[in-house]
**Q** 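Below you will find the structure I want to go over with you.
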Amino acid sequence: MLIRILITLLVLSSPVTQAGWYEVDTTLMGTDVHVSAWHKHDQQAQKAVESALTEMRRINALMSTYESSSELSLLNREASQQATVVSDELLQLINRSLEISKSTHGAFDVTYASIGYLYDYRAGTKPEDKRIQAQLPAVNYEHVVIDEQANTVAYSHPGVRVDLGGIAKGYAVDRSIEIIKQHGIENAIVTAGGDTRVLGKKLDRPWVVGIQNPRSEKDVVAVIPLVNESISTSGDYERYFDDEGIRYHHIIDPQTGDSAREVRSVSILGKESTYADALSTSLFVLGLDSGMQLINTIHGYEAILVDQEGRLHYSRGLQQFAEQDQQHDALAGKVSQLVNQ
Ligand code: AMP
Ligand code: MG
């Protein structure tokens, strides 16, 4: 487990074993979670980390589609028949998802799940083409109708399902950092799967996070020092199976109902983990040209893409550093500057 975490997270500097640090590695929200925090009183660090984990469990119980009792599962059972009252929190995250759908021209679409649920990556099974075609009309974020006054969500088309897997982990990471801050902590890191946010530095130095080589678990393709930032990576190696040389993985192009295949991974750097998470999924669907075009219009967010040949591509704000063959410290400074503007 610890090894997995280190590989996923690739925190390349020494482990946090000094006094004052408290850290936990666990599995939550169906993924590897790592939380660590520093406080001069060890017990305060422990309290902060435990509260962050409690928050993640709460969010999972609310938003997981694997939990039949979650509010989102209930919504998926009812919203095609009638407008269904939901909590403010779920309503707001769905609302945010719909806004991101609009700004990504539908690349990010939580109704992808109307088809997504037909894939079983563990069993290695996929829906037949005619099933995909039959369900495709249900994939459209415009079918999700929100009434903010009544606090309701309705699906205006049969067969619509919503899944927040492309944004909820980032949201849980943001909430966890918020709670850690409320405990008076100034140095912490929270990771859930491909989503990481750091608070402050790792004491006197930046946190250092590696971007995994999509085709070799133990290698990194870039090393990113982070201070008060988030990084979110979406990759085609996280949940997938190969069939006749074609990779079927968990990021679905809403236009085709098939896995998006233009790139191997997308990492987004920026302040907020919720947004970075949704943007990494979005750029993965958009691919290199459209993805870069989009990220270059978003203030404070930058991208590093790995294409199908394994080549790295940097968004505009990181370009000059890419050309300098990744001067890591300079890159860190620039990233900090960009996201803190
Ligand atoms: P990530 O690993 O953050 O890129 O998120 C991948 C997850 O996002 C998948 O496991 C799905 O739950 C969800 N997802 C897949 N395709 C899409 C899409 N086109 N729009 C929004 N969410 C998606
Ligand atoms: Mg994502």
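Because only heavy atoms are used, hydrogens play no part in the values below, and waters and symmetry mates are left out as well, while side chains stay in. Whatever order the structure lists ligands and atoms in, that order sets their numbers, starting from 1. Position 1 is the first residue of the sequence; numbering continues from there.
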**Q** Quick test: of every protein heavy atom, which one is nearest to atom 4 (O) of ligand 1, and how far off is it to 0.1 Å?
**A** S234 OG, 2.4 Å
**Q** Find all atoms of ligand 1 within a distance of less than 4.0 Å from any non-hydrogen atom belonging to E238, and give their numbers and elements.
**A**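 The list of qualifying atoms is 2 (O).
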**Q** Please state which option from Y112, Y141, Y119 has its nearest heavy atom closest to atom 11 (C) of ligand 1.
**A**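 Among Y112, Y141, Y119, the closest heavy atom to atom 11 (C) of ligand 1 comes from Y112.
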**Q** What class does the angle between the rings of Y248 and F241 fall in, given that below 30° is parallel, 30 to 60° is tilted and above 60° is perpendicular?
**A** parallel
**Q** If you round to the nearest 0.5 Å, how far is CG of L93 from CG of L72?
**A**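 Answer for the CG-CG pair, L72 versus L93, is 9.5 Å.
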**Q** Measure S282 to ligand 1 on non-hydrogen atoms and call it side chain, backbone, both or neither using the 4.0 Å cut-off.
**A**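 Neither part.
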**Q** Under 3.5 Å, is there a donor-acceptor pair between the side chain of R261 and the main chain of R247?
**A**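 Judged by distance alone, yes, a pair lies under 3.5 Å.
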**Q** Record the part of D163 in heavy-atom contact with ligand 1 below 4.0 Å; permitted values are side chain, backbone, both and neither.
**A** side chain
**Q** Should the pair R215-D236 be classified as a salt bridge under the 4.0 Å nitrogen-to-oxygen rule?
**A** yes
**Q** For atom 19 (N) of ligand 1, grab the closest protein heavy atom and report residue, atom and distance to one decimal in Å.
**A** I252 O, 2.7 Å
**Q** In the protein, which heavy atom is nearest to atom 15 (C) of ligand 1, and how far is it?
**A** H250 O, 3.1 Å
**Q** Is the distance from the Mg ion (ligand 2) to some N, O or S atom of D195 under 2.8 Å?
**A** no
**Q** For ligand 1, does K169 get within less than 4.0 Å through its side chain, its backbone, both, or neither, judged by non-hydrogen atoms?
**A** neither
**Q** Any Lys/Arg nitrogen of R175 or E178 sitting under 4.0 Å from an Asp/Glu carboxylate oxygen of the other?
**A** no
**Q** Out of curiosity, R311 CZ to L305 CG, how far, rounded to the nearest 0.5 Å?
**A**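 Output value for this atom pair is 12.5 Å.
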**Q** Between E217 and Q212, is any pair of side-chain heavy atoms under 4.5 Å apart?
**A** yes
**Q** Check ligand 1 against G166 and write out every atom of the ligand that is under 4.0 Å from a heavy-atom position of the residue.
**A**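 Answer for ligand 1: 5 (O), 7 (C), 8 (O), 13 (C).
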